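Everything below concerns the one structure shown next.
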Amino acid sequence: MVAPIIELRDVRKSFGPVDVLKGVNLKVYPGQVSALVGDNGAGKSTLIKGLAGVQPYDSGETLIDGSPAHLATPKEASRLGIEVVYQDLALCENLDIVQNMFLGREETHQGTLSNGEMEKHASATLGSLSVRTMKSVRQKVSSLSGGQRQTVAIARAVLQKAKVVILDEPTAALGVAQTEQVLNLVRRLADQGVGVLIISHNLADVFQVADHINVLYLGTMVAQLETKETNNNDVIGYITGLKSVEPSAAGAAR
Amino acid sequence: MTTTENKVPDPELAAAVDTAGGATAPGIATGYEGTIGDQFRAYIARVRSGEMGMLPAIGGFIVLCILFEILTQGDFLGLLNVSNLITQTAFLAMLAVALVFVILLGEIDLSAGVTAGVGMAVFVQLNNSLHINWFLALIVSLVVGIVIGGFIGYFVAKVGIPSFVVTLGLFLGFQGLQLVLLGNGNSYRITDPSVLAIENSNMPVWAGWLMWAVIVLVSLGSAFYDRTRRQRAGVPVRPISMLAIRVGAVAVFTGIIVALLNQDRSVSVVPVQGVPIVVPIVLAILWIATQVLDRTRWGLHLYAVGGNPEAARRAGISVAAIRISAFVLCSTLAIVSGLFQASEVGVVGSSFGQTDVLNGVAAAVVGGVSLFGGRGRLVQGVVGALVITAITNGLGLMSLPGGVNLLITGGVLILAATVDALSRKRAGASLARV
């Protein structure tokens with residue numbers, strides 16, 4: 001087995017009297033897709049915000065490539081190679097694909113933008129993800145479909161040389177064909193050696209794309225399963241709390 | 001299925017491997033490929049999908065020119081009136097350019113006109129009453145603009161008051177400040193010959209042609225510079241014939257204007273000829289500001305903040321700094337527009353600039369700048385100003401009552417906004433199709 005690129009050990013977070021994360025363990029492996037599932041209020045977003053550096057954990061250990069890290073700010077997380085693609089994508093519709101992919105990290109030469117170089121790197125990154133659906137990298141984002149926008153947001157993370165990409169509900173707003181495109185993209189992302197953590201409510205998507213499934217239930221990681229060794233009903237059981245922690249799963253969590 | 005070894009992501013390598021297996025060329029174009037014909041078709045497609053830019057304004061301007069030319073029996077496009085039209089446009093064009101910076105952010109500066117008034121009040125007090133050199137006095141009033149812009153920017157970006165409210169407050173307050181600075185009811189004549197010359201004197205004929213040569217060389221130079229940079233980066237460039245056509249069009253168009261202005265347009269025996277001095281000043285400011293917007297990170301970030309402030313913030317852009325700097329530029333350039341107006345009318349009174357700001361906003365909107373932010377270019381402000389000034393000028397020649405002028409200007413503004421809204425709808429429809 002590969003060493004995990006991110007490992008969370010006994011991570012806790014509370015807001016006032018409410019314990020949202022009650023000692024959570026999580027592993028994300030390079031080149032593999034880990035899914036994080038759980039009902040509303042299970043603590044998925046809080047877990048992600050901790051990894052993104054937006055809302056640091058109260059206690060617990062975060063290991064990146066086996067060494068302890070402190071994710072206190074988004075910049076810190078980004079520096080360590082963690083990129084989050086949020087549900088609302090945060091793209092500027094009035095700018096084109098290249099400008100969005102490089103936003104805030106533009107390449108310049110003597111103070112002026114190196115548009116040619118950025119265009120080339122953006123094309124290469126999109127090419128590496130086998131993206132073929134766009135007419136031009138100089139297209140405005142306002143003219144793109146939802147799936148294409150998701151692609152731009154993911155490619156943006158890849159362009160930052162992310163080691164781990166966290167995707168928050170990437171297929172929530174998409175149609176069937178576009179969902180398929182994005183899931184293929186997620187797979188290719190992992191094939192490049194990136195560790196992918198995907199949050200989704202759609203179990204069909206999760207079973208299609210993920211290697212591991214982590215189930216959060218009321219702030220506790222109740223199951224960490226290999227996709228191959230489980231099925232839809234089991235996962236639903238864990239999500240709804242009808243099924244409790246199996247000894248083997250508890251062992252794996254340790 | 002899954003790869004077990006820990007591969008380092010290498011986009012270029014992966015791209016090479018990927019294209020080897022599937023399609024022959026990288027699947028995504030850049031918009032720079034193809035022949036002139038392809039480029040032209042792509043342009044038409046963009047226009048049809050709603051990205052019309054300033055095309056409606058240019059079209060409108062041409063229609064107005066033809067209309068007024070017929071209605072005034074040839075006076076409108078006569079040599080004398082063409083130069084008049086240009087000098088009359090200068091101040092509104094400058095005001096519109098100033099406003100475009102904040103409109104691009106989706107903000108507004110209602111105080112731009114009275115800011116020009118305050119700046120000019122300071123100027124005349126220094127120049128007329130204290131006899132300070134006009135250039136020094138101008139520098140001081142520009143600094144006043146920087147301070148005013150910084151004040152607005154601080155309250156908008158840091159305190160979080162809508163720019164409409166902050167600048168409405170200043171619009172009211174500065175009318176009082178103008179009275180205080182000039183003394184109740186006083187007005188001052190502009191006496192300095194250099195200042196009066198800006199709008200009322202012309203360059204020698206040779207200087208007009210020198211300006212033309214500089215324009216052609218700069219557009220040729222920057223086109224080649226961009227081309228070489230793209231080539232060096234190894235990305236496609238447009239056909240060289242297209243560059244030639246573009247620079248050729250600039251050369252011919254500006255050449256005709258300069259040639260016309262270099263004719264004697266006098267109605268008496270003393271010859272009046274040459275390009276008005278204000279023209280190269282406006283062009284220089286417009287060119288520099290456009291370069292800054294198009295080629296620097298600051299310019300790109302201004303568009304980004306105008307398009308989606310939250311996305312800009314998450315990308316690490318300092319949204320507050322961008323906002324403050326845009327307001328500073330707006331107020332400072334507004335004072336430059338005030339200088340042009342003072343030079344044109346020759347008097348600075350206590351109501352100087354009070355009715356101008358909405359004309360400036362109208363010019364930007366007529367030119368195709370979106371009030372929602374993120375869409376528009378500086379030159380569109382100039383074209384819009386040309387349209388609005390042409391209406392005033394043409395109706396003036398026909399000696400129609402002033403009310404008609406305002407009615408028509410208002411109608412044109414609503415027409416321009418309608419064109420913008422319809423083109424947006426169209427863009428939305430094409431978005432659904434993609």
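Every heavy atom of this structure was used, including side-chain atoms; hydrogens, water molecules and symmetry mates were not. Predicted model, so just to flag it, every value in this text is computed and none were measured. Lettering follows sequence order; numbering is per chain, from 1.
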For residues 67-74 of chain A, which side-chain N or O atoms pair as donor and acceptor with protein atoms under 3.5 Å away, sequence neighbours left out?
unit_1   : atom_1 : unit_2   : atom_2 : d
Ser67(A) : OG     : Ile64(A) : O      : 3.1
Thr73(A) : OG1    : Glu76(A) : N      : 3.1

Which answer fits [X], side chain, backbone, both or neither, if we ask what part of it has an atom under 4.5 Å from a heavy atom of chain B?
{"X": "Arg105(A)", "result": "backbone"}
{"X": "Lys75(A)", "result": "neither"}
{"X": "Ser114(A)", "result": "both"}
{"X": "Leu95(A)", "result": "side chain"}

Please identify each residue that fulfils side chain to side chain contact (heavy atoms under 4.5 Å, CB included) with Ala416(B), with sequence neighbours left out.
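Applying side chain to side chain contact (heavy atoms under 4.5 Å, CB included) to Ala416(B) gives Val366(B).
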What distance do [X] atom [atom1] and [Y] atom [atom2] have between them, rounded to the nearest 0.5 Å?
{"X": "Asn100(A)", "Y": "Asn308(B)", "atom1": "CG", "atom2": "CG", "value": "9.0 Å"}
{"X": "Thr296(B)", "Y": "Leu113(A)", "atom1": "OG1", "atom2": "CG", "value": "6.5 Å"}
{"X": "Arg230(B)", "Y": "Asn115(A)", "atom1": "CZ", "atom2": "CG", "value": "7.5 Å"}

Ignoring hydrogens, what is the shortest heavy-atom contact between Gly116(A) and Ala233(B)? Give both atom names and the distance.
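What the structure gives for the nearest pair is C-CB, 3.6 Å.
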What closest approach, in Å, do Cys92(A) and Ala311(B) show between heavy atoms, and which atom pair accounts for it?
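Looking at all heavy atoms of both residues, the shortest contact is SG-CB, 4.0 Å.
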Counting a contact as any heavy-atom pair under 4.5 Å apart, which residues of residues 234-241 of chain B contact chain A?
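Listed by number, the contacting residues are Gly234(B), Val235(B).
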Output the residues of residues 318-329 of chain B for which the shortest heavy-atom distance to chain A is under 4.5 Å, in residue-number order; output 'none' if no such residue exists.
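Residues in range: none.
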Top contributor to chain B contacts, counting heavy-atom pairs under 4.5 Å, from His109(A), Met118(A), Glu106(A)
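Highest number of pairs under 4.5 Å: Glu106(A).
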Return the option, out of Leu159(A), Asp96(A), Thr112(A), with the maximum number of heavy-atom pairs under 4.5 Å with chain B.
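Most heavy-atom pairs within the cutoff with chain B belong to Thr112(A).
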Should we say atom CZ of Phe40(B) is surrounded by more than 12 heavy atoms from elsewhere, each under 6.0 Å from it?
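Check fails, neighbour count at 12 or below.
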Main-chain N/O of Arg375(B) paired to Asn94(A) side chain as donor or acceptor, under 3.5 Å:
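Between the backbone of Arg375(B) and the side chain of Asn94(A) there is no qualifying donor-acceptor contact (under 3.5 Å).
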Say whether, by atom type as modelled, one donor and one acceptor occur between the side chain of Arg297(B) and the main chain of Gly104(A) under 3.5 angstrom.
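Between the backbone of Gly104(A) and the side chain of Arg297(B) there is a qualifying donor-acceptor contact (under 3.5 Å).
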Below 4.0 angstrom, N of the basic side chain to O of the carboxylate: do Glu117(A) and Arg229(B) qualify?
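Judged by the 4.0 Å cut-off on N to carboxylate O distance, Glu117(A) and Arg229(B) do not form a salt bridge.
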For the residue pair Arg314(B) and Tyr86(A), would you count it as a cation-pi contact if the rule is NZ or CZ under 6.0 angstrom from the ring centre and within 45 degrees of the ring axis?
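Yes, cation above the ring, under 6.0 Å and within 45°.
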Identify which part of Asp294(B) has an atom lying under 4.5 Å from any heavy atom of chain A, answering side chain, backbone, both or neither.
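Contact with chain A is through the backbone of Asp294(B) alone.
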